Number of protein chains: 2
Amino acid sequence: MGITLREVAKEAGVSITTASRALSGYDDVADKTRKEVERAADSLGYIPNLMARRLKTGRTGTLGFIIPDTSSRLGDPFFSNFLAGIGNEAGNHGFDLLITTHSPDSRGEHESYTRAVGGGWVDGVILVRTRYDDWRIRYLYENNYPFVAFGRSNHEFEYPLVDEDSKAGVSQMVQHFIDLGHREIAFLAPPANLMFARLRREGYVQTMQDNGIRWRPDFIREGNMTRQSGYEQMNILLSNRDRPTAVIACNDMMALGVMDAVQERGMVVGRDISVSGFDDVPVAAFTNPPLTTLRQPIYDIGRTCCRMLVEILAGQKPEPYQTLLTPEVVVRESTGPKI
Amino acid sequence: MGITLREVAKEAGVSITTASRALSGYDDVADKTRKEVERAADSLGYIPNLMARRLKTGRTGTLGFIIPDTSSRLGDPFFSNFLAGIGNEAGNHGFDLLITTHSPDSRGEHESYTRAVGGGWVDGVILVRTRYDDWRIRYLYENNYPFVAFGRSNHEFEYPLVDEDSKAGVSQMVQHFIDLGHREIAFLAPPANLMFARLRREGYVQTMQDNGIRWRPDFIREGNMTRQSGYEQMNILLSNRDRPTAVIACNDMMALGVMDAVQERGMVVGRDISVSGFDDVPVAAFTNPPLTTLRQPIYDIGRTCCRMLVEILAGQKPEPYQTLLTPEVVVRESTGPKI
DNA sequence: AACCTTGAAGAAAAGCTTTTCAGTCGGTGT
DNA sequence: ACACCGACTGAAAAGCTTTTCTTCAAGGTT
């Protein structure tokens, strides 16, 4: 690499200690000496070796974001919007952002968390898509490692998080459909191990029951949050003898896939079959037809998570420590009355 | 932090050297010894200190992406798609991705590049939105630092890059408008210091002239690539006595802003005024009306840049070293014949 | 004159790995 | 019996900062 502090010290005619202290702005170094060291550093083009510094201080100035997804990963607007929120906020606080992607529970995912906690990979991490019995959360918590999660879990302890009230959200959406006269309402669920899978399913089942509608197990299908899987699962639903007249997809990408399948069969979304999503990613307002969905401010949640993590790293306790947001039904043209 | 190699060595009853070599898979370590070291490491929960390793080896296993934008940054789908390409490809090769955002030519941007080249921040960087007389490229090149750029520049030396043929692209688009009967074609240009600003402007001016149309300086307006600025600049154009009948925006975000302004005045995009963009970000297919634009495969370009950088870090020379792609006009409903 | 305080600067340790080079030991070839 | 070799292993350096603790000189106090 290049110039080291030793050479700067030599050039300035002082010890390494003094050079270090001069450049770090300590006040027990004479003004004249500091000027001289600065001049030397400048003229030699000194750039501190980051790894040496980090090794010594144990701080990296970097936050980690480990994306739990295999197929679409960063291509999914959910992640890219959340990432945007984190990234922009991190920048505001002078932190870099380190990102990596691994499929849930994979070896690589384990390694990343291990490296973070034990290897000094980053100063703290942000978690997303929390799972039932989430080992990541337990692991981070038990090691007293700084983190913030987007999503609750079912642990007995408290940790800093932001989450949306999935159950209430889905509940509202089911009610929206019922109010439009639908009774054959299918539910395209997230992978079962995700924490919000249970909550959203509860919202679905309970609201159906509350309205005196018997819910049918074969109208609940599990997808993997991609457009492709929305398409596939909807094709299965459509090949049944009894078809639903409405579908609630648990994210917007799957809703897009559902619409693909519907339109492929020559039916009109919003008239023949109503479709709704979850998230309100930016593209949802522009689909054809525009998508009825549950709005949660992904970008802002990303920012909030990041801000909370920065506070934790500064030794403060974020206030509030846990936030629960209620998603809001945004009615667009993909849903309409039952015909 | 935690367990160090020293403790593992002690537990296994060997020297630090042997422990290190055993765990790193060197073959000059007896099988029995290796097993013993591995057992010790396992039982103690040893995790290597990344910073110590990096300090010693001078490698970080990380690629850097310094996003040159102030206002929208990661919120801009251009960046998030490009980032997705880089990120996914980096993951495939076992690299982490470090991202940070700075406004062009800011102090922070300078520092980031300095830290990369001199401080061992990352192993290599990917550049985007190259500029005229781009100091970043010169700096990296002269320091023989590994990098790949999305975009040409005007330097005398060769460096690894991928770029789209901006001039040809805009030229095609202008021709598209002229073929539709338009002659009052406005051009919403990128910030003048961007390399492709010149190329695209050349494409515009030259194709107008080739068709015997006098281009008007007041029909060329500069925006900053955001939707907001598209909106503002279009309002200026619309408040003129002579209004254009068609507008070429130099990215899709500005085109969205242009459409906002047009629709706000009760006019119909694609009939009263034709609008086109550049990039074909995913949302462009879903705008209202769907946007005519120039398609360049941003995601794939990101992947390619990343792959090239990984090759360079492996000591190979990417083949081809410089790639020029020709964007393709995608005609949708935001453009129509002059009425 | 002896002692203390203060401001400034340096020696050396610490942070943890990787790597170079030297050394040990049993065995083999002559 | 001697030299040498091969297979392993260990001591120590190197990588570069930051930080603790010590030292030193000058000036002030009693």
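Throughout, a chain's letter reflects where its sequence line sits, starting with A, and its residues are numbered from 1. Note that the coordinates shown come from a computational prediction; the quantities given were computed from them, not determined experimentally. As a basis for the values below, the full set of heavy atoms in this structure was taken, side chains included, without hydrogen atoms, waters or symmetry mates.
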Specify the separation, in whole Å, of atom NZ of A:Lys56 and atom P of D:dA14. 19 Å
C:dT19 C1' sits how many Å from B:Arg59 CZ, rounded? 17 Å
Can you tell me how far P of C:dC16 sits from CG of B:Leu5, to the nearest Å? 11 Å
Would you please test B:Ser20 and B:Thr17 for side-chain hydrogen bond (donor to acceptor under 3.5 Å, both in side chains) and show each step? CA-CA 5 Å; B:Ser20 172; B:Thr17 312; over 6 Å; no
May I ask you to check whether A:Tyr145 and A:Tyr113 place their ring centres under 6.0 Å from each other? no
d(CG, A:Asn49; P, C:dC16) in whole Å: 17 Å
What's the CZ-C1' distance between B:Arg54 and C:dT19, to the nearest Å? 19 Å
Rounded to whole angstrom units, what separation is found between the CE atom of B:Met51 and the P atom of D:dA14? 24 Å
Distance only, no hydrogens: is a donor on one side chain within 3.5 Å (strictly under) of an acceptor on the other, for A:Asp123 and A:Thr60? yes
Atom of A:Leu63, atom of A:Leu309 and distance for their closest heavy-atom approach: CD2-CD2, 3.9 Å
Check every atom of C:dT18, C:dG15, D:dT17 against the side chain of B:Ser20 and return the nucleotide holding the closest atom. C:dT18
A:Phe157 ring center within less than 6.0 Å of A:His155 ring center: yes
Distance check needed: C:dT17 C1' versus B:Leu23 CG, whole Å only. 11 Å
Heavy-atom count check: over 12 atoms from other residues, nucleotides or ligands less than 6.0 Å from B:Arg39 CZ? yes
Starting at CG of B:Leu44 and ending at P of C:dC16, how long is that distance when rounded to a whole Å? 15 Å
Check nucleotides 7-11 of chain D against the protein and report each pair of N or O atoms closer than 3.5 Å, with its distance, or say if there are none.
unit_1 : atom_1 : unit_2  : atom_2 : d
D:dT9  : OP1    : B:Thr33 : OG1    : 2.5
D:dT9  : OP2    : B:Ala30 : N      : 3.0
D:dT9  : OP2    : B:Thr33 : OG1    : 3.2
D:dG10 : OP2    : B:Ser15 : N      : 2.8
D:dG10 : OP2    : B:Ser15 : OG     : 3.2
D:dG10 : OP2    : B:Thr18 : OG1    : 2.8
D:dA11 : N7     : B:Thr17 : OG1    : 3.2
D:dA11 : N6     : B:Thr17 : OG1    : 2.5

Could you tell me whether A:Thr4 contacts a base, only the sugar-phosphate backbone, or nothing, with contacts defined as non-hydrogen atoms closer than 4.0 Å? sugar-phosphate
For a quick test of reading the model: is some side-chain N or O of A:Tyr46 closer than 4.0 Å to OP1 or OP2 of D:dC16? no
Lys/Arg-Asp/Glu bridge criterion (N-O < 4.0 Å) met for A:Lys32, A:Glu38: no
Out of D:dC16, C:dT17, C:dC16, whichever nucleotide has its closest atom nearest the side chain of A:Leu55: C:dC16
